[in-house]
Amino acid sequence: MLGTQTVSDEGHLMIGGVDTVDLAREFGTPLYIYDRASMRSKIKEFQSAFARYKDLDWQIAYASKAFSTIAMIQLANEYGLSLDVVSGGELYTALKAGFPAEKIHFHGNNKSDAELKLALESGVGLIIVDNFYELERLEAFCTISGKQMAVLLRVTPGVEAHTHEFIMTGHDDTKFGFNLDNGMADRAVHQTLQSPHLDLRGVHCHIGSQIFETEGFNQAVRLVLNAAATWKRDENFELQVLNVGGGFGIRYTREDHPLPVHRYIDQIVSTVREVCAAGSLHLPSIWIEPGRSIVGEAGTSLYTLGSTKNIPGIRDYISVDGGMADNIRPALYQAKYEALCANRAGDPAGHPVTIAGKCCETGDVLIQEALLPESCGSGDLLAVFSTGAYGYSMASHYNRLPNPAVVFVENGSAELVVRRETYEDLIRNDLPLKALSGRS
Ligand SMILES: *Cc1c(COP(=O)(O)O)cnc(C)c1O
């Protein structure tokens, strides 16, 4: 059980004080349920981790790609967060949510002309420049429009962190950013400083996702600040901003033991202080960009169980009314999840089953081995936990499955924040042939 999850006397899973059986009845399944209190408390954890450092300037940007909807962006705004967007569509969503443009940061390794223009016209606060091609185009657009733009340069420090390990890759083979170790980042700094329109505030790096240790951040900060010391010497440029990205790990299964948020922040802050002191650098503003860690554990996917297939001596399959279309992560990354029979949450769970999706792919399996009660079967409800990040945001229409609805729950009430798609929505942009070919 995570966040505000409990089990009612009837044995129903409750989230935010709301009975999931009632949610299924009212909104249908599959359904994405977000525990609003859990998101609030994650945001506050990050904020209080920084607030303890009175002399420090800091900023937290919610990485909206993890879950971008108007309601979520409003929630981020309510807490005074900044916002990362990586596309025109995410930017449009944020603007429609009334998010202050000056607190939006625009990321991405291949921003289109239309996206750069939209960013400039809408007054986004900052653009994270990824490559020389973008640097030149941004400069050109600013020249035409007579605008100034604050920028960070995305650098690739040669550190990659995933879960329990981090790797020093030396030379980094990635599509993102200016490499630190081969002079690309130095040239980018030099070039940006020459620009009459671009205001270079600092640098950004993002070393990975689902990170459970602090050493990767530690190494990345050291490498970036060592480079910053040479920029101070050679270019007379001092970082105002050091953005260390996101990637803070969450609990998907009982095998995951994420660190408390303040452990990451404490490590980052102490390394920044130490290296700045040693290199006589001003303490920059420290920015982070959590996505998954704010919304991941808050989300639960609710499905109805359907057909079963028992292969004697091999395994028992049971299928849900969704699958890879609403959660691609198991198929894409072999991601692991845990599940519970939501209307029999009090029953002992001892029956190993494979939870399959309904899409036409053998690989559409949500959970290889889940333990469900013997009593649980077709027609019952299945809750899959920690699906709040990169579930809805990566949803597809494969097999023309309409995207599920999204509800926020809190203090015993539920609020629909994304309507379930209809079949009509699916064909909304389809156009019939103007003339049929005939059968000649
Ligand atoms: C994806 C991404 C994030 C968020 O990562 P999480 O693992 O969701 O915290 C932050 N910054 C950048 C640049 C990203 O690409």
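Just so it is clear, the values below take in all heavy atoms, side chains as well, and ignore hydrogens, waters and symmetry mates. Note that ligands are numbered from 1 as they come in the structure, with each ligand's atoms numbered from 1 the same way.
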Rounded at 0.5 Å granularity, tell me how far CG in Leu116 sits from CD in Glu121. 11.0 Å
So for His206 against ligand 1, with non-hydrogen atoms under 4.0 Å, the contacting part is side chain
Would you call Asp256 and Lys336 a salt bridge, taking side-chain N to carboxylate O under 4.0 Å as the test? no
Does the side chain of Val407 reach to within under 4.5 Å of the side chain of Leu416, using non-hydrogen atoms? yes
Decide whether the shortest distance between a heavy atom of Tyr390 and an atom of ligand 1 is less than 4.0 Å. yes
Aromatic plane relationship, Phe50 with Trp58 - under 30° parallel, 30 to 60° tilted, over 60° perpendicular: parallel
Check each of Glu289, Arg292, Lys65 against atom 13 (C) of ligand 1 and report the one with the nearest heavy atom. Glu289
Judged by non-hydrogen atoms, does Gly247 sit under 4.0 Å from ligand 1? yes
For His204, the ligand 1 atoms whose distance to one of its heavy atoms is below 4.0 Å: 13 (C)
Residue Gly291 vicinity, atoms of ligand 1 by number, heavy atom under 4.0 Å: 6 (P), 8 (O), 9 (O)
Tell me whether the centres of the aromatic rings in Phe67 and Tyr34 are closer together than 6.0 Å. yes
Need the ligand 1 atom indices (1-based, order shown) with element for anything under 4.0 Å from a heavy-atom of Arg154. 13 (C)
Nearest heavy atoms of Gly108 and Asp130, plus distance in Å: O-CB, 3.5 Å
Enumerated ligand 1 atoms positioned under 4.0 Å from heavy atoms of Ala63: 3 (C), 4 (C), 10 (C)
